[in-house]
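Inspection log for the structure reproduced underneath, given as structure tokens.
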Amino acid sequence: MSTTPQPPPETRGRDADRSQATILKAALDEFSTHGLAGARIDRIAERANLNKRLIYYYFKNKDDLFLAVLEQAYTDIRTAERELHLLDMPPVQAIRRLTEFSWQYHVDHPEFMSLLNSENLQRGRHLTDSSRVRETNWPLIDTLGDILERGRREGVFRGGVDAVQLYISIAGLAYFYLSNKHTLSAIFGRDLMTRKAHSERLSHICDVILGYVLRD
């Protein structure tokens, strides 16, 4: 006899895609607020206004649900990046636009950083076996590689720039600043979250990244 959880009778007619999207949104709020260890399925069900059995029907356990939330979070940022149409821009403009986008996305989506913090505490064990995450992320690296090569051929970028290393630097320059904003503000005696501070930080990041890739 199958042991697969069955959805409650009152939810069997519910649109599956809509239900899963509702669950993922509620789970994102829960995981980003409480982390993986502190998250509770009961609260996710309450946030989603759905029966807890439906969550277990679509997602076997909390770890599977957490992975699904991570995968969706990466899908969201990569989808937004594709909408930039970077390959249609001149190389320098494309790198600047990606850098600006990465900064603003991290500013606007602190929940994304919270999820990454939780997964790093888990040593990346959820993402390690996720083919979906790899399939979602590599097209960006391919795009960045194409931009770098085009810039090299046009004589504006130096050669030998690794696309993965460059993207880690772009994301990291935003991530570290924002994830450590309270401690950095305290130790330097400066409010790093004002509009002026944000503008200065973005200008600095663009200067650092473009200064690295531009040909002397």
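Bear in mind the structure is a predicted one, so any value in this text is a computation, not a measurement. When reading the values below, keep in mind they use all heavy atoms of this one structure, side chains included, and skip hydrogens, waters and symmetry mates.
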Taken in chain and number order and not counting sequence neighbours, the residues that satisfy ring pair (Phe, Tyr, Trp, His ring centres under 6.0 Å) with His198 are Trp103

List the residues meeting side chain to side chain contact (heavy atoms under 4.5 Å, CB included) with Ser199, not counting sequence neighbours, and say none if there are none.
none

Got more than 12 heavy atoms from elsewhere within 6.0 Å of CD, Gln104?
yes

Ala163 and Gly145: which non-hydrogen atoms are nearest, and at how many Å?
CB-N, 3.9 Å

Shortest non-hydrogen pair, Glu30 vs Gly38, comes out as OE2-O, 4.1 Å

With rounding to the nearest 0.5 angstrom, report the CD1 to CE distance, Ile147 to Met89.
8.5 Å

Can you find a pair of side-chain heavy atoms, one from Leu28 and one from Leu24, that are under 4.5 Å apart?
no

What's the shortest heavy-atom distance between Ser185 and Leu192, and which atoms?
OG-N, 3.2 Å

Can you list every pair that meets side-chain hydrogen bond (donor to acceptor under 3.5 Å, both in side chains) and has a residue in residues 136-148, with sequence neighbours left out?
Arg78-Asn137

Distance-minimising heavy-atom pair for Tyr167 and Ile77:
OH-CD1, 4.4 Å

Lys60: partners by salt bridge (Lys or Arg N to Asp or Glu O under 4.0 Å), with sequence neighbours left out:
none

In short, Ile209 meets Ile170 closest at the heavy-atom pair CD1-CG1, 3.7 Å

Could you state the interatomic distance from OG1 (Thr33) to CZ (Arg43), rounded to the nearest 0.5 Å?
9.0 Å

Looking at side-chain heavy atoms only, is the closest gap between Phe157 and Arg150 below 4.5 Å?
no

Shared ILVMFWY cluster between Leu202 and Ile168, side chains joined below 4.5 angstrom?
yes

Sequence neighbours excluded, the answer for side chain to side chain contact (heavy atoms under 4.5 Å, CB included) partners of Glu71 is Leu67, Ser130, Arg132, Val133

With sequence neighbours left out, write down each residue that passes ring pair (Phe, Tyr, Trp, His ring centres under 6.0 Å) with Tyr74, or none if nothing qualifies.
Phe112

If I take atom NE2 from residue His34 and atom CZ from residue Arg40, how far apart are they, to the nearest 0.5 angstrom?
9.0 Å

Across all chains, not counting sequence neighbours, the salt bridge (Lys or Arg N to Asp or Glu O under 4.0 Å) partners of Arg123 are none

When you measure from the side chain of Ser32 to the backbone of Asp29, do you find a donor-acceptor pair of N or O atoms at a distance under 3.5 Å?
yes

Atom pair CG/CD of Leu65 and Gln20 - distance to nearest 0.5 Å:
10.5 Å

Find out whether Arg96 and Thr99 are in side-chain contact, i.e. whether some heavy atom of one side chain is under 4.5 Å from a heavy atom of the other.
no

Quick one: are Leu178 and Met193 in side-chain contact, heavy atoms under 4.5 Å?
yes

If a pair satisfies side-chain hydrogen bond (donor to acceptor under 3.5 Å, both in side chains) and one of its residues is in residues 201-216, list it, with sequence neighbours excluded.
Arg158-Tyr212

If two hydrophobic side chains count as joined below 4.5 Å and joins carry through other members, does Leu115 share a cluster with Leu121?
no

Rounded at 0.5 Å granularity, tell me how far CG in Leu36 sits from CZ in Arg125.
6.5 Å

Just jot down the ring pair (Phe, Tyr, Trp, His ring centres under 6.0 Å) partners of Phe101, sequence neighbours excluded, or say none.
Tyr105

Sequence neighbours left out, what pairs pass side-chain hydrogen bond (donor to acceptor under 3.5 Å, both in side chains) with at least one residue falling in residues 168-181?
Asn117-Tyr175

Residues that Glu149 engages under salt bridge (Lys or Arg N to Asp or Glu O under 4.0 Å), provided they are two or more places apart
Arg152, Arg153

Donor-acceptor check, side chain of Arg134 to backbone of Thr128, threshold 3.5 angstrom: yes or no?
yes

Distance, nearest 0.5 Å, that separates CG of Leu166 from CD1 of Ile95:
5.5 Å

Closest non-hydrogen atom pair, His106 against Ser102
ND1-O, 2.7 Å

Return the set of residues passing side chain to side chain contact (heavy atoms under 4.5 Å, CB included) with Arg195 (not counting sequence neighbours), or none when no residue passes.
none

